[in-house]
Amino acid sequence: MTRGYSDLQLWDTGKGRRIGSPLADTEPGSSLSPSDDTVARFSPDGRVLATTSGPDLQQIRLWNTADGLPIGPARSGHVKPVKDIAFSPDGLTLATASQDETVRLWRLDTLGLRDRAGLLGTR
């Protein structure tokens, strides 16, 4: 993944080419304009990318790394910017830590994302 002045781009390093278009948050009021505060983490199997999203980086968004498309809607739960993201080893839980001094655990399979995308989790 590379960060340009105004976009995030996934790359297939084995083939030396881009995967899809630059990641673009398409929900109203949201943007994926990278800044020094943007957080991005890959799932353990590398098939999903989680990024901070939204106007104040208070949301998280999941991306399919095969095609660069979003998986479901952006998720909200923090009132200040998300500062770190981590996947559990099995890829089924995502932890987000925020400047609001909270940590949230997101069970990705119960959000309906695993069934829709067929990507989340290894078990």
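The basis for the numbers below is simple: all heavy atoms, side chains too, and nothing from hydrogens, waters or symmetry mates.
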* To do: Mind checking the CD-OG spacing from Gln58 to Ser76? Nearest 0.5 Å is all I need.
  => 8.0 Å

* Quick one: CZ on Arg61 to CD1 on Ile71, what's the gap to the nearest 0.5 Å? ->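 Arg61 CZ to Ile71 CD1: 10.0 Å, rounded to 0.5 Å.
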
Could you report the tightest heavy-atom contact between [X] and [Y], atom names first, then the distance?
| X | Y | value |
| --- | --- | --- |
| Trp63 | Gly68 | CE3-O, 3.5 Å |
| Phe87 | Phe42 | CD1-O, 3.4 Å |
| Pro89 | Pro44 | O-CG, 3.3 Å |
| Ile19 | Ala66 | CG2-O, 3.2 Å |
| Gln59 | Ala74 | OE1-CB, 3.7 Å |

* To do: Only counting residues at least two apart or in another chain, list the ones meeting side-chain contact (heavy atoms from CB on, under 4.5 Å) with Ser88.
  => Asp90, Thr93

* Who are the side chain to side chain donor-acceptor pair (under 3.5 Å) partners of Asp84, not counting sequence neighbours? -> Arg41

* Asked: What pairs with Thr102 under side chain to side chain donor-acceptor pair (under 3.5 Å), at least two apart in sequence or on another chain?
  -> His78, Asp100

* **Geometric cation-pi criterion, Arg104 with Trp106: 6.0 Å, 45°** =>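 So Arg104 doesn't make the cation-pi contact.
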
* Please walk me through it: do Leu57 and Val82 pass side-chain contact (heavy atoms from CB on, under 4.5 Å)? -> CA-CA 6 Å; Leu57 301 177; Val82 172; 5.8 Å; no

* Asked: So which of Leu49, Thr51, Leu94 actually passes side-chain contact (heavy atoms from CB on, under 4.5 Å) with Leu62?
  ->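 Of Leu49, Thr51, Leu94, side-chain contact (heavy atoms from CB on, under 4.5 Å) with Leu62 is met by Leu94 alone.
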
* Does the side chain of Leu92 come within less than 4.5 Å of Leu108's, by heavy atoms? -> no

